[in-house]
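Only one structure is covered here, and it is reproduced in the block below.
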Amino acid sequence: QVQLVESGGGAVQAGTSLRLSCAASGILFSRAAMAWVRQAPGKEREFVAAISWSGGQTFLADSVKGRFTISRENAENTLYLNINSLKPEDTAVYYCAAGGLVRSSADDYDYWGRGTQVSVFS
């Protein structure tokens, strides 16, 4: 059974940083493309970042370029999202997703975690 468990969210002040983690199990993590997707209240899911199985390819949404970094540690079956200079508009539930191919889309992944809430106040 595939499990993706996100952690690291919280209520933080604008301008600060967070590091989100996603612990994967039940999946050959080292061969899975991984992504972060977020959903703000009342809005559709939004692609944030994706990374190939090797980490050699990364994709970022234009809205987060320069502030977000996606990375992975295959030896620990863990995906990361480093977020700098947080803005109130970054407030959302952040989901970890896994799939066979790396895609810059919110819909092309097979497995999903339950999400971690990030709330940014000014």
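For reference, positions follow the sequence shown, starting with 1.
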Minimum side-chain heavy-atom gap S63-E89 below 4.5 Å: no
Check: M34 and L4 side chains under 4.5 Å, non-hydrogen atoms: yes
Side-chain touch I83/L81, heavy atoms, less than 4.5 angstrom: yes
I27 versus A32, closest heavy-atom pair with distance: CD1-CB, 4.0 Å
Straight-line distance of F68 CZ to L20 CG, nearest 0.5 Å: 8.0 Å
Minimum heavy-atom distance A14-P88, with the two atoms named: CB-CD, 4.1 Å
Expected output: side-chain S119 to main-chain T91 donor-acceptor under 3.5 Å: no
Backbone N/O of W53 and side chain of N74: donor-acceptor pair under 3.5 Å: yes
Same cluster (ILVMFWY, side-chain, under 4.5 Å), I70 and V64: yes
Co-membership, hydrophobic cluster, residues L18 and V93, 4.5 Å side-chain: no
Any side-chain heavy-atom pair of D108 and L101 under 4.5 Å: no
Co-membership, hydrophobic cluster, residues V12 and Y94, 4.5 Å side-chain: yes
R38 side chain reached by Y95 side chain, heavy atoms, under 4.5 Å: no
Distance, nearest 0.5 Å, that separates CZ of R72 from OH of Y80: 11.5 Å
Contacts of type salt bridge (Lys or Arg N to Asp or Glu O under 4.0 Å), residue K87, not counting sequence neighbours: none
Main-chain N/O of W36 paired to Y109 side chain as donor or acceptor, under 3.5 Å: no
Exceeds 12 heavy-atom contacts within 6.0 angstrom, atom CD of E44: no
Side chain to side chain contact (heavy atoms under 4.5 Å, CB included) between S17 and N84, intermediate numbers included: CA-CA 4 Å; S17 300; N84 296 320; 3.0 Å; yes
Atom pair CZ/OG of R19 and S71 - distance to nearest 0.5 Å: 6.0 Å
L79 to A35 - nearest heavy-atom pair and separation: CD2-O, 3.9 Å
Cluster link V5 to V37, ILVMFWY, side chain under 4.5 Å: no
Main-chain N/O of R114 paired to E6 side chain as donor or acceptor, under 3.5 Å: yes
Residue Y111 excluded, over 12 heavy atoms near OH under 6.0 Å: no
SG on C22 to CZ on F29, rounded to 0.5 Å: 7.0 Å
Ring-face cation contact, F47 with R103, 6.0 Å cut, 45° max: no
